[in-house]
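The structure under discussion appears below in the form of structure tokens.
Both counts, for ligands and for their atoms, begin at 1 and track the order of listing.
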Amino acid sequence: MLLKGRTAVISGAASRRGIGRATAELFAEHGARVAIFDLDAAAARDAAATLAPVEQGDHIGIRCDVADRQSCVAAAEEAAHAFGAINILINNAGITQPVKTLDISSADWERIVGVNMTGVLYLSQAIIPNMRQHGGGSIACMSSVSAQRGGGIFGGPHYSAAKAGVLGLAKAMAREFGPEGIRVNSVTPGLIQTDITGDKLTPEMRTDILKGIPLSRLGEARDVANIYLFLASDLSAYVTGAVMDVNGGMLIH
Ligand code: NAD
């Protein structure tokens with residue numbers, strides 16, 4: 001039990017096969033009381049209801065659009081009201097779109113950057129005052145191998161830009177809030193089998209991608225959840241501003 005007695009907010013954790021959901025399940029198994037923040041309140045509540053019970057109280061599901069500052073503030077207040085201290089924040093929510101540079105519209109740019117990067121800022125801003133008040137915490141932010149290698153897997157250049165922005169934001173927050181006991185790290189997964197790619201990942205693309213992965217398989221949601229667990233727990237007590245690759249060796253650098 002690595003998170004016994006802790007509380008965690010996880011964004012983008014309602015979708016059934018997603019990384020956030022797998023993380024919520026793992027954190028509950030390790031004793032954390034979890035708040036699932038997602039776009040659809042009912043889906044978030046349903047997901048929370050499936051998690052393993054913990055002694056601190058019921059898991060909760062709350063509607064939150066991470067790209068909307070006010071929505072983040074309202075959801076954070078609701079979680080703080082239920083939990084008191086929020087010990088862990090997993091900035092996991094994200095969306096993608098496979099388009100090329102010249103095809104990115106202003107609306108596409110706003111949407112992809114808004115959820116993937118601005119969402120990390122807004123939700124962190126909403127939760128950090130609570131962590132400060134309670135003497136510290138751990139924040140992990142979802143980036144992508146796409147940020148490190150300039151895409152080429154699935155998301156477009158706007159996705160790569162947003163996920164690269166997350167790395168800079170997380171490192172700057174790590175520097176700013178380290179003295180207050182708040183650690184901030186990032187994860188950079190390769191291709192993980194979830195529903196984010198919809199039906200756009202063809203068998204040919206999959207075969208091509210597999211050729212470039214030394215561990216010869218695509219990632220599972222649990223592979224990333226395990227890294228989030230490490231970053232959320234005291235196992236990583238002296239780790240901040242770090243970037244954790246979870247990519248099967250797709251990018252070795
Ligand atoms: P997913 O589609 O299963 O999960 C994404 C979740 O985010 C969903 O529950 C969705 O409802 C939620 N969400 C979307 N927009 C939101 C918003 N504005 N506010 C709150 N919640 C919102 O996909 P996933 O693959 O589990 O993706 C999780 C994260 O991992 C994303 O940030 C994604 O960019 C990142 N990522 C995924 C992969 C991959 O290969 N699957 C690789 C690298 C990074």
* Can Phe37 be reached from Tyr228 by stepping across I, L, V, M, F, W or Y side chains whose heavy atoms are under 4.5 Å apart? -> no
* Asked: Among Gly12, Ser15, Cys64, which residue places a heavy atom closest to atom 20 (C) of ligand 1?
  -> Cys64
* To do: Consider ligand 1: state whether an atom of it lies below 4.0 angstrom from any non-hydrogen atom of Gln193.
  => no
* To do: First locate atom CZ of Arg45, then atom CG of Asp38, and finally report the distance between them rounded to the nearest 0.5 Å.
  => 12.0 Å
* So between Asn116, Asn92, Thr194, Thr188, whose heavy atom ends up nearest atom 28 (C) of ligand 1? -> Asn92
* To do: Assess Arg17 for proximity to ligand 1: is some non-hydrogen atom of it under 4.0 Å away?
  => no
* So is Gly190 close enough to ligand 1, meaning a heavy atom under 4.0 angstrom away? -> yes
* Asked: Which atoms of ligand 1 have any heavy atom of Ile95 under 4.0 Å away?
  -> 14 (C), 15 (N)
* **Close approach of Leu191 to ligand 1, heavy atoms, under 4.0 angstrom** => yes
* Asked: What protein heavy atom sits nearest atom 41 (N) of ligand 1, and how far off is it?
  -> Ile192 O, 3.1 Å
* Selection from Ala221, Ser143, Gly94 by shortest heavy-atom distance to atom 44 (C) of ligand 1 -> Ser143
* Any salt bridge between Glu176 and Arg132, counting N to O under 4.0 Å? -> no
* **Test item, Ser11 contacting ligand 1 (heavy atom, 4.0 angstrom)** => no
* Asked: So is Phe154 in contact with ligand 1, going by heavy-atom distances below 4.0 Å?
  -> no
* Would you say Val120 and Leu231 are hydrophobically clustered, going by side-chain heavy atoms of ILVMFWY under 4.5 Å? -> no
